[in-house]
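For reference, the structure discussed in these notes is given below.
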There are 2 protein chains.
Amino acid sequence: MAYAEVFTALADPTRLHIFEALREQPKTVGELAAGQPVSRPAVSQHLKVLQSASLVSVEPQGNRRLYSIKRDGLEELRLYLESFWSDALTAYGAEIARRVKNKNV
Amino acid sequence: MAYAEVFTALADPTRLHIFEALREQPKTVGELAAGQPVSRPAVSQHLKVLQSASLVSVEPQGNRRLYSIKRDGLEELRLYLESFWSDALTAYGAEIARRVKNKNV
DNA sequence: CAGGTTGGTAAGCCATGACTTACAGTAAGT
DNA sequence: ACTTACTGTAAGTCATGGCTTACCAACCTG
């Protein structure tokens, strides 16, 4: 159930912004903080959450730390979504009509 | 940016459980509440959030209200995920190597 | 029509978590 | 080595939101 962690990670607006800021290219913490209305430590904390959700990865580069998007978390989410397009769900639309008719159970 | 609302909607564990409980079949509020460790009003409030995120739909049925999964919210999410598998992202892995070498901007 | 279901809403409480400032550590430059 | 840049961590504050109880409305049944 790793997808649950992905949901909570991307639920916060600031964190989602940070995540999407990494789409164009990998960035350092300072660069990310400059693009956000919050302090640098806040960004650091957000990155920690994103990292534990397998959404970003770090590449220590001398003094700095280069953050970039990691596919694992997204893949986790994609698999979860795919399961919703299964036969079980497609065949399940009839259930509504059935229960509307019989109005029981 | 409707996908943001989907993230926040599915971020809460209880709400995610309720949502997944609807996967097998449409259910009433009472049925959903019976399967959760929270009160019925709490479930009602969660359903309200899920509904505004286009994740569930309601079918008033006499006294009861039959909730079922709605695809719109999931589709929103799927489109968002798809955009991450674009060329922009695939071509972007090189950026890491580039910056590791040159260690600047 | 009276009583019993079913479910949405209001008000209020309380915990989670997002943010800030302050501090510590590590690497680079002079 | 000393100073400067960059980042992570700690501690504490405060708002958001999830939960409960109480209440109210709609519908169905006898």
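Each chain gets a letter, A, B and so on, in the order its sequence line appears, and its residues count up from 1. In what follows, every heavy atom counts, from backbone to side chain, and hydrogens, waters and symmetry copies are set aside.
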Can you list the residues that meet the side-chain hydrogen bond (donor to acceptor under 3.5 Å, both in side chains) rule with [X], with sequence neighbours excluded?
X        : result
Thr14(A) : none
Arg65(B) : none
Glu76(B) : none

(request) Respond yes when some side-chain nitrogen or oxygen of Tyr67(B) is under 4.0 Å from OP1 or OP2 of dT6(C), and no when none is. (result)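 Answer no for this pair, as no side-chain N or O of Tyr67(B) is under 4.0 Å from OP1 or OP2.
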(message) Is there a side-chain contact between Arg65(A) and the phosphate of dG8(D), meaning an N or O under 4.0 Å from OP1 or OP2?
(response)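 So the side chain of Arg65(A) is within the cut-off, an N or O lying under 4.0 Å from OP1 or OP2 of dG8(D).
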Starting at [atom1] of [X] and ending at [atom2] of [N], how long is that distance when rounded to a whole Å?
X        : N       : atom1 : atom2 : result
Lys27(B) : dG7(C)  : NZ    : C1'   : 18 Å
Ile18(B) : dG7(C)  : CD1   : P     : 13 Å
Leu66(A) : dA5(D)  : CG    : C1'   : 16 Å
Arg64(B) : dG4(C)  : CZ    : P     : 18 Å
Glu59(A) : dA27(C) : CD    : C1'   : 16 Å
Leu32(A) : dC6(D)  : CG    : C1'   : 13 Å
Lys48(B) : dT9(C)  : NZ    : C1'   : 7 Å

(message) If the condition is side-chain contact (heavy atoms from CB on, under 4.5 Å), which residues does Ala53(B) pass it with, not counting sequence neighbours?
(response)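 If we apply the side-chain contact (heavy atoms from CB on, under 4.5 Å) test to Ala53(B), skipping adjacent residues, the hits are Glu5(B), Ala9(B), Leu55(B).
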(request) Can you figure out which of dT7(D), dG8(D), dG7(C) approaches the side chain of Ser44(B) most closely? (result)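 Ranking dT7(D), dG8(D), dG7(C) by closest atom to the Ser44(B) side chain puts dG7(C) first.
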(message) Taking Glu75(B) first and then Arg78(B), would you say they form a salt bridge - that is, a charged N and a carboxylate O separated by under 4.0 Å?
(response)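 A salt bridge links Glu75(B) with Arg78(B).
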(message) Filter on side chain to side chain donor-acceptor pair (under 3.5 Å), then keep only pairs touching residues 32-47 of chain B, sequence neighbours left out; what's left?
(response)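 Sorted pair list: Arg15(B)-His46(B).
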(request) Treat primed atoms plus P, OP1 and OP2 as sugar-phosphate and everything else as base, then score nucleotides 12-27 of chain D 5' to 3': B for base contact with protein heavy atoms under 4.0 Å, S for sugar-phosphate contact only, - for none. (result) ------SBBBB---BB
